[in-house]
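First comes the structure, then the notes that go with it.
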Protein chains: 4
Amino acid sequence: MKRKKIPSLVKDQKLVERRRKQIIEAAVECYKEKGFHKTTTREIAEKAGFSIGTLYEYIRKKEDVLYLVCDAIYEEVQRKAAEAIGFHTDAVVQLKRALFGYFSVMDSMQDEVVVMYQEVKSLSKESLPYVLKKERDMEEVFEELLTRCVAEKRLSLLQKEIRCAANNLVIAGQMWAFRRWTLQEAYDINTYTELQWRLLYFGMKHVSEVTE
Amino acid sequence: MKRKKIPSLVKDQKLVERRRKQIIEAAVECYKEKGFHKTTTREIAEKAGFSIGTLYEYIRKKEDVLYLVCDAIYEEVQRKAAEAIGFHTDAVVQLKRALFGYFSVMDSMQDEVVVMYQEVKSLSKESLPYVLKKERDMEEVFEELLTRCVAEKRLSLLQKEIRCAANNLVIAGQMWAFRRWTLQEAYDINTYTELQWRLLYFGMKHVSEVTE
Amino acid sequence: MKRKKIPSLVKDQKLVERRRKQIIEAAVECYKEKGFHKTTTREIAEKAGFSIGTLYEYIRKKEDVLYLVCDAIYEEVQRKAAEAIGFHTDAVVQLKRALFGYFSVMDSMQDEVVVMYQEVKSLSKESLPYVLKKERDMEEVFEELLTRCVAEKRLSLLQKEIRCAANNLVIAGQMWAFRRWTLQEAYDINTYTELQWRLLYFGMKHVSEVTE
Amino acid sequence: MKRKKIPSLVKDQKLVERRRKQIIEAAVECYKEKGFHKTTTREIAEKAGFSIGTLYEYIRKKEDVLYLVCDAIYEEVQRKAAEAIGFHTDAVVQLKRALFGYFSVMDSMQDEVVVMYQEVKSLSKESLPYVLKKERDMEEVFEELLTRCVAEKRLSLLQKEIRCAANNLVIAGQMWAFRRWTLQEAYDINTYTELQWRLLYFGMKHVSEVTE
DNA sequence: AATGAATGAGCCTTCATTCAT
DNA sequence: GATGAATGAAGGCTCATTCAT
């Protein structure tokens, strides 16, 4: 499943890209402040610096902006995360670096993450899958890293445990943004990252031990 | 911080309570289906079985319904969770029971949890704190259980680690509902609960070990 | 095919009827002046004497007003025509009276007829048939009268000629309104009626004669 | 009253003519499908094969296209009708031929006729007369033919009856297109033409007889 | 001459809220 | 207390027209 194409009346692809970047930027700012529903298309146009008519040259419906925004956020998260991961011969070290990189992205994109969390549900039944796919991709990045750790006997997760663990990693990062009202009251990003790394890492390391 | 009082034009407290129960029930159903913003007050009134005029005898603004709903959901979660926890002499057993009970509630109230997750942000700046307080209460329930485990040397969490761990427990439960599109594709509630228990438990047990 | 029911949010049937009468009256006036497309719903509401919100309590879409108008016009034409026809033992006399009555109605409802002629095409594919049916009904009234004339040997139309002749009668009346820019420059309604009666009547009387 | 001149920004007359032909062709197609009001200038430009900017080099306002279309249709009707009429020494034969020719044109230009009937009213008060004049010209063609028939004693119409009769001839043809939903259900063009010829001809032949 | 991006007035429609009955 | 008709602000979206390139 690729990115969904939103048609534009304007033909110049370069221009479309530039204008849409403006739109997204403006929209994110508005969404942060008042959410998707309370943001009017006029506000977005205005903040983007052009008229309402022009806005509609680059989208078809209000919801298109939301899709554009969600898509852009994921794109950026993935891009930043990917470049943060790098590679290391030691599987666990790589996993750790990936997590730290991902958490750092979550920290720097807090607002965007919150927007995503709260507005995804407003996407149409048609657009939603495209976005969920990207979320799932994120999960899979960690699944693969975990799989490598398991393959190299650095973690002893069962096959079925990997997905759950990967989920936890992904979520832990997002929650830094989404539950900032409580978490950021108690920790700074470094402390939080370190803490979560250990909680999650040791969980994964010892999960196969017998328990009561 | 107590529950926030929503004024009603109707004097008879009994009646107010009965009607509001109807309102909440109707609203939750609507929110599940289309979210807060796309649900009209008319729909709520209709589904509740009375006229739009009557609805406004029991609330002042559309948002009041959302508050009522959020409040009611938390109330129910807490009530059910509380009765599920019970007591056990062994601190870890009690923690485990609490977690299992909580997860079971999350499973049975999936829709409600999703509604909460997606609509809280629509609460006014004024109402939000009341609701976040309840969320925080949930966290504290687990913080206390963890504190007891630590006190009885069953877990060796540092003071500052407790809050983060408690957060993870709370979140893990909510995610069963909120990320059902991915998690429930892979697990059933029992498997998920068991898995998370072990991942989280061992994480908390071994978190203080030295790590690379 | 009965009249199509346009749903209303207002329950009081009596009120619905009264308000819709106002709407129709206002709309006809607007349509006369500027046509359906250039008439705004606000203008209709205003001319009808209530707010735009109220208008939409009695219709769903702008086009509903058009349907209401078309339906009302036909209803009135039929009602007036019916009461004008009466009965006479002599079939031809009855036909003549019917025609004269019909023409008189066309004369008194000129504006409405013109509106109909020009706006019917704006009805949705869904509504159109209901209106065309009424037009066809009009035709059939004359077909029956002609059939009686034929049965009583007062006219010698072949079966297949009846429909065409009936059409001509119907049209001749409508044209008094629709082509008033030319016809009413040359005739008054009485002259026109008398003239058409004779042209059409003798046509029908002698149509079966051999022609070159 | 001549044709009304629509100014163009482009100097080259040849080009103007060519482009306008394209515009008209495109517009007619659009009007057939959705009427004047629902057709956008963009659609016309696109279907004509050039840009919206270019369209506005050849017209000033949307309505200009409508005028161009109406004018073109009449032009074509007249041209085709004229070439169909021919000449015959016998006045009635010529009348008949003219009618048959005219009906045949109406048949082949059904869509255009319908467009005209429904959109003329959308012409500005300023343009309308030019178009009505052409309609009147059509009438006059038949008035003249009828006058000749009368002069040669082949028909005994009174002076004032000629215009009405001519009107009926013109209308009968147009109705084949405009009321095709009912007429073409019952007849084919040949039957219809023959039938109308006889109904109208005998009407005109015997109109001066005394009637009840 | 041709292009097509930009504009913004304006339209239809919805819906939270009020208030007379 | 209950009802539901009335209100009108507000929002999404369209499209004729312009103008810089």
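Just so you know, these numbers come straight off a predicted model, no measurement behind them. In what follows, chains carry the letters A, B, and so on, assigned in the order in which the sequence lines appear, proteins first and then strands, with residues in each chain numbered from 1.
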> Where each residue is assigned the nucleotide of DNA chain F containing its nearest heavy atom, which of B/Leu55 and A/Phe36 is assigned the position nearer the 5′ end?
Replying inline: B/Leu55

> Across all strands shown, which nucleotide pairs with E/dA1 by Watson-Crick or G-U wobble geometry, both distances under 3.5 Å?
Replying inline: none

>> When you measure from the side-chain N and O atoms of A/Tyr58 to the phosphate of E/dA6, is any distance below 4.0 Å, counting only OP1 and OP2?
In response: yes

> Could you give the NZ-to-P distance, from C/Lys14 to F/dG4, as a whole number of Å?
Replying inline: 17 Å

Distances for protein N/O vs nucleotides 13-16 of chain E N/O pairs under 3.5 angstrom?
from: E/dT13; atom 1: OP2; to: C/Tyr56; atom 2: OH; distance (Å): 2.5
from: E/dT13; atom 1: OP2; to: C/Lys62; atom 2: N; distance (Å): 2.7
from: E/dT13; atom 1: O4; to: C/Arg42; atom 2: NH1; distance (Å): 3.3
from: E/dA16; atom 1: OP1; to: B/Lys62; atom 2: NZ; distance (Å): 3.2
from: E/dA16; atom 1: OP2; to: B/Thr41; atom 2: N; distance (Å): 2.8
from: E/dA16; atom 1: OP2; to: B/Thr41; atom 2: OG1; distance (Å): 2.8

>> Tell me the interatomic distance from A/Phe50, atom CZ, to E/dT7, atom C1', rounded to whole angstroms.
In response: 12 Å

> What's the closest nucleotide to the B/Arg19 side chain, out of F/dA2, E/dG4, F/dA6?
Replying inline: F/dA2

>> Please check this pair: side chain of C/Ser127 against backbone of C/Leu123, looking for a donor-acceptor N/O pair closer than 3.5 Å.
In response: no

>> Using Watson-Crick or G-U wobble geometry with both distances under 3.5 Å, which nucleotide pairs with F/dA2?
In response: E/dT21

> Should D/Glu25 and D/Lys47 count as an ion pair when the cut-off is N to O under 4.0 Å?
Replying inline: no

> Whole-Å distance between E/dA2 C1' and D/Asp12 CG?
Replying inline: 14 Å

> Between A/Glu46 (CD) and F/dG11 (P), how many Å, whole number?
Replying inline: 12 Å

> What's the NZ-P distance between C/Lys11 and F/dA6, to the nearest Å?
Replying inline: 14 Å

> If every non-hydrogen atom of A/Cys70 is compared with every non-hydrogen atom of A/Val131, which pair is closest and at what distance?
Replying inline: CB-CG2, 4.0 Å

>> Using Watson-Crick or G-U wobble geometry with both distances under 3.5 Å, which nucleotide pairs with F/dA16?
In response: E/dT7

> Do the rings of A/Tyr58 and A/Phe50 sit parallel, tilted or perpendicular, given the 30° and 60° boundaries?
Replying inline: tilted

> Any donor and acceptor pair, going by atom type alone, linking the side chain of A/Gln22 with main-chain N or O of A/Ala48 inside 3.5 Å?
Replying inline: yes

> Taking atom P of F/dT3 as reference, at what distance in whole Å does atom CG of C/Leu9 sit?
Replying inline: 17 Å

> With a 4.5 Å heavy-atom cut-off, do C/Leu55 and C/Thr41 have their side chains touching?
Replying inline: yes

>> Tell me whether D/Lys38 is salt-bridged to D/Glu33, with the criterion being a basic N under 4.0 Å from an acidic carboxylate O.
In response: no

> Nearest-Å distance, CZ (A/Arg18) to P (E/dA5)?
Replying inline: 12 Å

